[in-house]
Trainee: 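To start, I am sharing the structure in question, which I have written as structure tokens.
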Amino acid sequence: MHLTHLDCTACAKEHDATVPQNVCTACGKPLFAHYDLVAAAKTLTKESLRTREKSLWRYREVLPVKNAADVVTLGEGWTPLHPAPRLGAKHGLSRLFIKDEAQNPTASFKARGMTAAVSMAKQYGLKKLAAPSAGNAAGALAAYAARAGMEAHLFMPRDTPKANIIECEQMGAFVTLINGLITDCGAEVAKRKVAEGWFDVSTLKEPYRAEGKKTLGYELAEQLNWTLPDVILYPTGGGTGLVGMWKAFDEMERMGWIGSKRPRMFSVQAEGCQPIVRAFHAGEKFATEHLGAQTRASGLRVPKAIGDFIMLDALRKSGGGALAVSDDQMISGTKEVGSAEGIFVAPEGAGCYAALKMLLAANQVQPDDTIVLFNTSTGLKYLECYGG
Ligand SMILES: *Cc1c(COP(=O)(O)O)cnc(C)c1O
Ligand SMILES: [Zn+2]
């Protein structure tokens with residue numbers, strides 16, 4: 001509601017937010033939304049939140065849409081932060097939580113980004129949206145575009161989980177399967193978008209998906225009674241949720257809601273696709289593309305991310321890190337989480353649990369740390385991984 005402008009995350013060039021924008025017109029890096037936080041904090045208060053809708057639009061003052069009439073919603077966000085006492089007790093942890101993002105529309109946290117991006121597309125009067133996707137972003141865009149009466153043109157790798165492909169088709173999207181990875185899908189969108197009149201909503205090449213995803217940070221704080229966890233484990237592809245949460249913490253501090261302490265943020269990637277893990281340990285500012293990327297945790301099959309430097313900076317400033325886990329660890333971890341807590345997590349979510357075990361073995365977490373694992377989708381969308 002109080003969006004003022006967009007700023008480049010690399011060169012700080014200011015961009016007009018009253019017209020559609022993709023990346024920085026000077027340097028090609030992602031743009032971030034800026035708000036009048038003084039105005040926002042007048043009506044967005046801890047008290048006012050008590051009676052608001054149980055969706056991420058409860059934070060409307062710090063979301064970009066100007067008029068409520070343009071909000072395209074299916075009831076996204078405000079997902080449960082489940083205590084995980086049995087899983088925690090197995091490892092001597094007293095405050096382990098699972099943020100269950102499977103409970104979003106289209107059963108993944110991609111709904112958060114797409115509700116914001118499609119609402120802004122509606123505000124701008126756009127009609128045809130296009131995106132490359134590893135699977136769940138496509139499902140979410142298909143749903144929100146249908147809801148808004150827009151066209152969705154989706155490009156996914158041919159071996160994307162069936163659930164994602166079928167979901168998009170049943171929501172009336174135009175689906176193209178590509179022999180390649182999400183990067184090849186992105187190249188196809190870039191090649192065709194001008195001639196086709198598509199607006200590109202690739203993550204972080206469109207400024208508002210990150211705004212939707214940043215609400216993860218607001219929700220964690222609110223659900224933990226305005227404190228932040230000590231440790232966050234986040235399964236990282238494009239990194240939108242990670243950088244979004246980091247941005248949310250900053251906004252909350254500037255509104256006087258929290259102090260300067262931050263959670264230690266850990267990026268979890270797959271052994272077969274770990275560009276951020278490699279760059280983190282090599283001390284690099286940017287990540288080089290992971291060639292021949294391979295993992296069954298399709299949401300993590302992102303060999304190159306445009307927001308790499310923003311992620312790496314946040315991981316380092318937070319005192320966290322980056323870990324790679326194997327597909328076997330993810331798939332076997334699913335049953336451990338499920339049998340202890342009753343949540344059929346996606347492989348990406350199980351990856352966070354596998355990474356937590358690595359942190360425990362390395363003495364990098366303490367028994368009384370408040371730890372949040374992100375389950376970003378549901379195992380039901382990945383039956384192929386579980387013998388289905
Ligand atoms: C997209 C996706 C991720 C990665 O999210 P980013 O915010 O792009 O890093 C993780 N898990 C699942 C299930 C996903 O669909
Ligand atoms: Zn720039």
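Whatever order the structure lists them in is the order used to number ligands and atoms, beginning at 1.
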Trainee: Has the side chain of K214 got a donor or acceptor atom that lies under 3.5 Å from a matching backbone atom of V62?
Mentor: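 Judged by distance alone, yes, a pair lies under 3.5 Å.
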Trainee: Under a plain distance cut-off of 3.5 Å, with no hydrogens placed, do Q103 and T79 share a side-chain donor-acceptor pair?
Mentor: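 Result is no, nothing qualifies.
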Trainee: Under a plain distance cut-off of 3.5 Å, with no hydrogens placed, do T115 and W57 share a side-chain donor-acceptor pair?
Mentor: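 There is such a pair (donor and acceptor under 3.5 Å, judged by atom type) between the side chains of W57 and T115.
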Trainee: Where the Zn ion (ligand 2) is the centre, what is the SG-to-SG angle for C8 and C11, rounded to 10°?
Mentor: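 About 110°, to the nearest ten degrees.
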Trainee: How about K29 and F309: do any of their side-chain heavy atoms sit closer than 4.5 Å?
Mentor: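 The answer is yes, as the side chains (C-beta and beyond) meet within the 4.5 Å cut-off.
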Trainee: Do you see a donor-acceptor pair shorter than 3.5 Å between the side chains of D328 and S326?
Mentor: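 No - no donor-acceptor pair under 3.5 Å links their side chains.
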Trainee: At less than 3.5 Å, what protein N or O atoms come close to the N or O atoms of ligand 1? Include the distances to 0.1 Å.
Mentor:
residue  : atom   : partner : partner atom : Å
ligand 1 : 7 (O)  : K213    : NZ           : 2.7
ligand 1 : 7 (O)  : Y234    : OH           : 2.5
ligand 1 : 7 (O)  : T240    : N            : 3.2
ligand 1 : 7 (O)  : G241    : N            : 3.0
ligand 1 : 8 (O)  : G238    : N            : 3.1
ligand 1 : 8 (O)  : G239    : N            : 3.4
ligand 1 : 9 (O)  : G237    : N            : 2.8
ligand 1 : 9 (O)  : G238    : N            : 3.3
ligand 1 : 9 (O)  : G239    : N            : 2.6
ligand 1 : 11 (N) : T376    : OG1          : 2.7
ligand 1 : 15 (O) : K110    : NZ           : 2.8
ligand 1 : 15 (O) : N136    : ND2          : 2.9

Trainee: With a 4.5 Å limit on heavy-atom distance, are the side chains of I182 and P303 in contact?
Mentor: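 Side-chain contact under 4.5 Å: yes.
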Trainee: Clusters formed by hydrophobic residues whose side-chain heavy atoms approach within less than 4.5 Å: which one holds V345, and what are its other members?
Mentor: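 Answer for V345: L87, L93, L96, I98, V231, L233, F266, V268, L300, L323, V325, M330, V337, I343, Y353, L356, M358, L359, L360, V365, I371, L373.
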Trainee: Please state the angle at the Zn ion (ligand 2) spanned by SG of C27 and SG of C24: what is it, rounded to 10 degrees?
Mentor: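 So the angle at the metal works out to 110°.
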